[in-house]
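Not measured: the values here are computed from a predicted model. What you see below is based on every heavy atom in this structure, not just the backbone, and it leaves out hydrogens, waters and symmetry mates.
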Amino acid sequence: MSNIRGQGPPSQSFAFYLVRRAMSRDAVIVLGRIAATWKIAVPELASYPNVVTPKQNRSVQISRGNFSPENFERIERALKS
């Protein structure tokens, strides 16, 4: 994510914009492998209450085994709404 310092493709800036917009409507944000980098690019994520992260950063699967029961239920509810 080279756009942290304002460089990189426009799609990165757009992705950051979309995350902020999702946060403004209290959406569940799933952060995976590069959660720390996302929190630098979008500092508001560090204190956002609806961020969920997997148990293991290596796995990109959204599954019951990869998230705590509570977080997996939050993801399920968000997808069903």
*For a salt bridge (charged side-chain N to carboxylate O under 4.0 Å, His left out) with Arg64, tell me which candidate from Glu70, Glu76, Glu73 qualifies.*
Glu76

*asked:* Once rounded to the nearest 0.5 Å, what's the spacing between atom CD of Glu44 and atom CZ of Arg20?
replied: 4.5 Å

_Atom of Leu45, atom of Lys39 and distance for their closest heavy-atom approach_ = CB-CG, 4.0 Å

*Group every Ile, Leu, Val, Met, Phe, Trp and Tyr by side-chain heavy-atom contacts under 4.5 Å, then state whether Val28 and Val51 land in the same group.*
no

_Nearest-0.5 Å distance, CZ of residue Phe67 to CD of residue Gln56_ = 11.5 Å

_Taking Asp26's backbone N and O only, do any of them form a donor-acceptor pair with Asn50's side chain (distance below 3.5 Å, no angle check)?_
yes

*Do Phe72 and Val52 touch side chain to side chain, with heavy atoms closer than 4.5 Å?*
no

*Rounded to the nearest 0.5 Å, what's the gap from CD1 on Ile40 to CH2 on Trp38? Could you check?*
12.5 Å

*From Ser11 atom OG to Tyr17 atom OH, the distance as rounded to the nearest 0.5 Å*: 15.5 Å

*Value rounded to 0.5 Å, distance of CD1 in Ile75 from CD1 in Ile29*: 11.0 Å

*Mind checking whether Met23 and Phe16 sit in one hydrophobic cluster, side chains of I, L, V, M, F, W, Y counted as touching below 4.5 Å?*
yes

_For Tyr48 versus Ala22, what's the shortest heavy-atom pair and its separation?_
OH-O, 4.0 Å

